[in-house]
Amino acid sequence: MNDPAPAAGQVTLTLPDGSHRTVAAGTPVAEVVRGISEGLLRRAVAVELDGELLDLVTPVRNSGSFRILFARDARALAVLRHSAAHVLATAVRRLRPEAKIGFGPAIDDGFYYDFEVDEPFTPADLEAFEEEMKRVAAEASPFEREEIGLDEARVRMADDPLKMERIADFDEDEVISTYTNGDFVDLCRGPHVPDTSHIRHFRLLSTAGAYWRGDSDRQMLQRIYGTAFFKAKDLKSHLHRLAEAKRRDHRLLGRRLDLFRFHPSAPGAAFWTPRGTVLYNELLAFERALQKDDFLEVMTPLMYNKSLWETSGHWGKYRDDMFLILNNESGTHDASLKPMNCPSHYLLYQATRHSYRELPIRYVTFDVLHRNEVTGALSGLTRVRQFQQDDCHCFIAEDQIASEVAFLMRYILDFYATFGLDATINFATRPEVRIGDDALWDRAEGGLLAALEETGRPYQRKEGDGAFYGPKIDFDITDSIGRAWQCGTIQLDYNAPERFGLEYVGRDNRTHRPVVIHRAVSGSLERFIAILIEHFAGDFPLWLAPEQVRVIAIGAHAIDAASAVRDRMAEAGLRVHLSPRAAETDFREEIKDASNLKVPYMAIVGSREAEAGTVSLRARGAKKKQVTLPLDEAVGRLRRESEERALWGAAGTMEPL
RNA sequence: GCUCUGGUAGCUCAGUGGUAGAGCGCUUCCUUGGUAAGGAAGAGGUCGCGGGUUCAAUCCCCGCCCAGAGCUCCA
């Protein structure tokens, strides 16, 4: 049925059940909701009108689909948090009247508000603000909306220079609104919850500097971050998640589990300990095994003359991010450490003639890369200056795009699945600033999209998010506590083959341009290991664990038997350790040490085991529960679990019993 | 890069204008115990680096280095 055409001055709203309501244009949303039911009005938080979020005090201006949002709706949460930001500003203004207000939006996990103050806020200030916010909420002041003209806005916000600056950006005919709750007025687009009493379950989390409008040339404001929820239990679980993330912090676990460390002499570059190096190499070994049939591993120089970077185009705009090398004879910086592998692979490809019969050629490299990240960007293993990528460049004929992309996607997803990681897929299209004509982009995007569709995997489009040289597919992995990390990528590149004059000889005996696909799976191995540490909380599956088994001898008389167990397991290829001072140490301390290092299994050998030719296996986290097995059987099970790369706790593994 | 906060033993941290402490770890000895910290003794510190103020600086001031949090998901 067609929507009835509204009379002049009227708008028609289509409710989710398909029914229509016609009201006078300018009727407040609350009146519309009340017209449906008083009960709904009591529970309504906001509404969606043709997808636009409106609160109850906003006038309805246009016809469209009309849906009431309740506390359970995800979009309602953003409204609540925006209002929480206003409650925060209300509290700050009461306690620090001199604070100038900036912006205070809802963000993914909460909200923030920026203030201009002479002295930065302290943790004690935050506590005071939080207490004051409770009072503001208890007052249950309604959020009142007022629509005003530009001149009036200037008068109202005269005392707030930051708001005045925002006002200066408005067009003459724009609808400008203010929201008032109690004694606090803010220039604000809305929407808001009906009154401050909705802000019940919130927490201020942190404070930090933030540039006004994100511009590092402008003044630094003080930003307060917080979060808010409709339900106490949602707030609680969010705070729990934050605590969980802190507990899993790879920088702390990296020290505690003795995996890597940093030294001021080499900022942004990790020192891998013996244990960490095992982990790193196991990851590499896994990827080498996975790729051995379809990829060609190569090694290329780490240092190049600047002419290469001039060809690639990096010398111009990327030079500040490269580590340049001083030529002592000329006194100039005319070489650099490589920040990426692409040009190396192009040079290698180009060094010989290639036939169409060879394609696709997939060069993959784990070479060390250096990027001169600014100091403020460095963070643990997730943002470093020296790292290795599992970096692959596929040289293909243009008609191989679809099959190649499908192949690469399967490979990438299989790789993640080994770690129990799932990925969401993003398809990024041509950006504003780009090279190549539209016809080329049409072909590139079409080819990539067709390949993506063929896999049947769900994906999201990210318009304009592609690389300047081509569209791409990005993989965001989701870890065990629900955080997303951008890791893998498949990028189509028509430009590089042109720049580097890449060729292959076709069936027609003429030269053709290949297309290049850039592929990374883990992004950087360093960062991927950081993700794995946090994903597993340091409880690595057996195959990845730096030390797989710790042999514990109960009493000095069991030392010989324990050594025999250690030797037998080591022969079987397990990474096993028996403390050299086990004979002098309380075995309970050995158990403590193994537990703290999160060693997956302890093999306990006392007089009973020594006599019976058995070991008692105690799985990580299993406390006193253990299983006693003949030594060979124990070795067999551990080997199988390791070789199958079973996830810790997966069915069929020996997992925490 | 910029703002704020921090840097004390291998780790986690306390402390002071008169050159420094704890717990864990480490070393040695005792204990040989059936499932997460047995007992005793000992070693270990340019208090991040450089400069300044002071009779005296780990502490106060300045600079640098390193680390942590953050740096428009737009009124």
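Below, chain A is the first sequence line, B the second, and so on; all start at residue 1.
- Note: NE2 (A/His263) to P (B/G10) measures 11 Å, nearest angstrom.
- Between the side chains of A/Tyr459 and A/Arg461, not a single donor N or O lies within less than 3.5 Å of an accepting N or O.
- Pairs engaging residues 90-109 of chain A under the ring-ring contact (aromatic ring centres under 6.0 Å, His included) rule: A/Phe103-A/Trp212 [sequence neighbours left out].
- When the side-chain nitrogen and oxygen atoms of A/Arg251 are compared with OP1 and OP2 of B/C11, none of them lie within a distance under 4.0 Å.
- In this structure, CZ of A/Arg218 is placed 16 Å from C1' of B/U3, rounded to the nearest angstrom.
- Counting only heavy atoms from C-beta on, A/Pro120 has its side chain closest to B/C4 among B/C4, B/A75, B/C71.
- At the heavy-atom level, A/Asn596 lies under 4.0 Å from base atoms of the strands shown.
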Letter per nucleotide, 5' to 3', of nucleotides 27-34 of chain B [B base touched, S only sugar-phosphate touched, - untouched; heavy atoms, 4.0 Å]: S---BBBB
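- A/Arg483 has its side chain within reach of A/Glu534: a pair of non-hydrogen atoms, C-beta onward, lies under 4.5 Å apart.
- Residue A/Trp212 contributes atom CH2, which lies 14 Å from atom P of B/C74 at whole-angstrom precision.
- Taking 4.5 Å as the limit, every side-chain heavy atom of A/Val57 sits out of range of all side-chain heavy atoms of A/Glu144.
- Evaluated for a side-chain contact (heavy atoms from CB on, under 4.5 Å) with A/Phe184, the options A/Val136, A/Ile101, A/Thr196, A/Val92 yield exactly one hit, A/Ile101.
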Run the ring pair (Phe, Tyr, Trp, His ring centres under 6.0 Å) test on A/Tyr113 and A/Phe111 for me, step by step, so that the C-alpha distance in whole Å, both residues' side-chain angles and the decisive distance to 0.1 Å come before the verdict. CA-CA 7 Å; A/Tyr113 211 109; A/Phe111 62 88; 8.9 Å; no
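- The C1' atoms of B/G38 and B/G44 are separated by 24 Å, rounded to the nearest whole Å.
- Taking atom P on both B/A56 and B/C65, the two are 29 Å apart, rounded to the nearest angstrom.
- OP1 or OP2 of B/G1 sits under 4.0 Å from a side-chain N or O of A/Thr375.
- A/Phe170 comes within contact range of at least one nucleobase, with a heavy-atom separation under 4.0 Å.
- Look at CZ on A/Arg256: it is 15 Å from P on B/G25, rounded to the nearest Å.
- The nearest heavy atom of RNA chain B to A/Tyr225 and to A/Tyr211 marks one nucleotide each, and the one closer to the 5' end goes with A/Tyr211.
- To the nearest angstrom, C1' of B/G38 lies 8 Å from CD of A/Glu589.
- Nearest heavy atom pair, residue A/Leu253 against residue A/Leu259, reads O-CD1, 4.5 Å.
- A/Thr178 comes within 4.0 angstrom of nothing in the nucleic acid, heavy atoms only.
- Contact annotation for A/Gly380: backbone-only contact, meaning every heavy-atom pair under 4.0 Å involves sugar-phosphate atoms and none involves a base.
- Within the 4.0 angstrom heavy-atom criterion, base atoms lie near A/Ser595.
- With hydrogens and angles left out, the side-chain atoms of A/Thr180 and A/Glu146 include no donor and acceptor closer than 3.5 Å.
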Per-residue pairing states of RNA chain B in dot-bracket (Watson-Crick or G-U under 3.5 Å; . unpaired, | other strand) read (((((((..((((....[..)))).(((((.......))))).....(((((..]....))))))))))))....
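- Nucleotides B/C49 and B/U3, compared at atom P, are 24 Å apart to the nearest Å.
- Taking atom P on both B/G70 and B/U46, the two are 34 Å apart, rounded to the nearest angstrom.
- A distance of about 36 Å separates the C1' atoms of B/C11 and B/U54, rounded to the whole Å.
- Side-chain contact of A/Ser563 with A/Asp560: a donor-acceptor pair under 3.5 Å is absent, judged by distance alone.
- When distances run from any side-chain atom of A/Ile107 to the nucleotides B/C73, B/G70, B/U72, the shortest one goes to B/C73.
- For the 3.5 Å distance criterion, the side chains of A/Glu147 and A/Ser177 fail to qualify, holding no donor opposite an acceptor.
- Within the 4.0 angstrom heavy-atom criterion, only backbone atoms of the sugar-phosphate kind lie near A/Phe103; the bases stay farther away.
- Phosphate proximity of B/A36 to A/Arg618: present, with a side-chain N or O under 4.0 Å from OP1 or OP2.
- Rounded to a whole Å, the CG atom of A/Leu381 is 11 Å from the P atom of B/G68.
- For A/Tyr601 and B/U35, the shortest distance from a side-chain N or O to OP1 or OP2 is not below 4.0 Å.
- When side chains are defined from C-beta on, A/Leu638 counts as touching A/Leu617, because their heavy atoms get closer than 4.5 Å.
- Rounded to a whole angstrom, the distance from the P atom of B/G7 to that of B/G15 is 10 Å.
- Base engagement by A/Arg213 is indicated by at least one non-hydrogen atom pair under 4.0 Å involving a base atom.
- A/Tyr112 comes within 4.0 angstrom of the backbone, heavy atoms only, and of no base.
- Within a 6.0 Å sphere centred on CG of A/Asp215, heavy atoms belonging to other residues, nucleotides or ligands number more than 12.
- A donor-acceptor contact under 3.5 Å is not formed by the side chain of A/Lys592 with the base of B/A36.
- Proximity of A/Arg189 to the phosphate of B/A75: a side-chain N or O atom is located under 4.0 Å from OP1 or OP2.
- For the C1' atom pair drawn from B/A43 and B/C4, the interatomic distance equals 40 Å after rounding to whole Å.
- Taking the P atoms as reference points, B/A9 lies 15 Å from B/U58, given to the whole Å.
- Heavy atoms of A/Leu378 sit under 4.0 angstrom from primed sugar atoms or phosphate atoms, though from no base atom.
- Going from atom CZ of A/Phe121 over to atom C1' of B/C4 covers 13 Å, rounded to whole Å.
- Atom pair A/Asp171:CG and B/A75:P shows a separation of 16 Å (rounding to whole Å applied).
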